[in-house]
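To start, the structure itself, in structure tokens.
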Amino acid sequence: MRITCPNCGERDRREFYYQGDAVALARPASDAGPQAWDDYLHNRENPAGDTQDLWFHEAGCGAWIVVSRNTVTHAIDSTTLAATVKR
Amino acid sequence: MTEVVLERLVLVSPYIGQAKWASAALKEQIGLGLSAPGRAISNRRARVIWAGQRSWLVAAEVKLEGLAAVTDQSDAWASLRIEGAGVEDVLARLVPIDLRASTFKGGHTARTMLAHMNVAITRVGAQAFEVMAMRSMAGTLVHDLQAAAAQVTARG
Ligand SMILES: [Zn+2]
């Protein structure tokens, strides 16, 4: 498996740490209520198909990357710096 | 293989929206601005090595108050120069990226791995690279490079 880091180019999977669903970038407001916070912290989809998750280029440039990929075909559609998604 | 002594080394991490100004201030102070991702630049006074997401290693004394976080890392890194005819073959045994001259040219730099160590690798000549690793890993770095070089030599 190879992931294209927006900073570094295509790199081997071993340089990356897998965090999980990119829902982590959509933090609810502090008064959003227990259901929203429960979903944010604990509840995850387990899709057969397109998914977006966060990978950390740990043994590279140290950037967090949003990876859009397909869990069935293993194809990676796009990679974006989390820093640009958040701002 | 020779040690590269970097007397003064700081990590420059520009504050959000300040990269342009930090680069301009650096240019004024040391004659070099911030390099592009994956690039290292140098002059007689200083060196600027891209070191990852929004960060650069700068071998010089700099003042960037209000523009960038500047952290002294002079004693944090060990740096060595490795050169010779088989240097690409030696590094290919340890590093998971393509360092051949066709893709990794003079002035190119990469944050990647060497064996299991996080390193910064820069091409400094046709048959020469500079490898930087955490100081605590210096012994392992030399050992792994020597072992790889011996293996390449044994193949003839
Ligand atoms: Zn990267």
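Throughout, a chain's letter reflects where its sequence line sits, starting with A, and its residues are numbered from 1.
- Put simply, B:Leu34 and B:Ile30 are part of the same group of oily side chains (I, L, V, M, F, W, Y) that touch within less than 4.5 Å, one to the next.
- In the hydrophobic clustering of ILVMFWY residues, with side-chain heavy atoms under 4.5 Å counting as a link, B:Trp21 and B:Val12 come out together.
- Under a hydrophobic clustering in which Ile, Leu, Val, Met, Phe, Trp and Tyr are joined whenever their side-chain heavy atoms come within less than 4.5 Å, directly or via other members, B:Leu64 and B:Leu57 fall into different clusters.
- For B:Asp75, the CG atom is loosely surrounded, since the number of other residues' heavy atoms within 6.0 Å does not exceed 12.
- A:Tyr40 is linked by a ring pair (Phe, Tyr, Trp, His ring centres under 6.0 Å) to A:Trp37, counting only residues two or more places apart in sequence or in another chain.
- Residues from residues 96-135 of chain B that place a non-hydrogen atom less than 4.5 Å from a non-hydrogen atom of chain A comprise B:Pro96, B:Ile97, B:Ala110, B:Arg111, B:Thr112, B:Met113, B:Asn118, given in numerical order.
- For residues 43-62 of chain A, the interface with chain B (any heavy-atom pair closer than 4.5 Å) comprises A:Glu58, A:Ala59, A:Gly60, A:Cys61, A:Gly62, sorted by residue number.
- Hydrophobic clustering, with ILVMFWY side chains joined whenever heavy atoms are under 4.5 angstrom apart, groups A:Ile65 together with A:Met1.
- B:Tyr15 and B:Trp56 are assigned to two separate hydrophobic clusters, defined by single-linkage of ILVMFWY side chains at heavy-atom distances under 4.5 Å.
- The interface of residues 41-53 of chain B with chain A, defined by heavy-atom distances below 4.5 Å, comprises B:Trp50, B:Gly52, B:Gln53.
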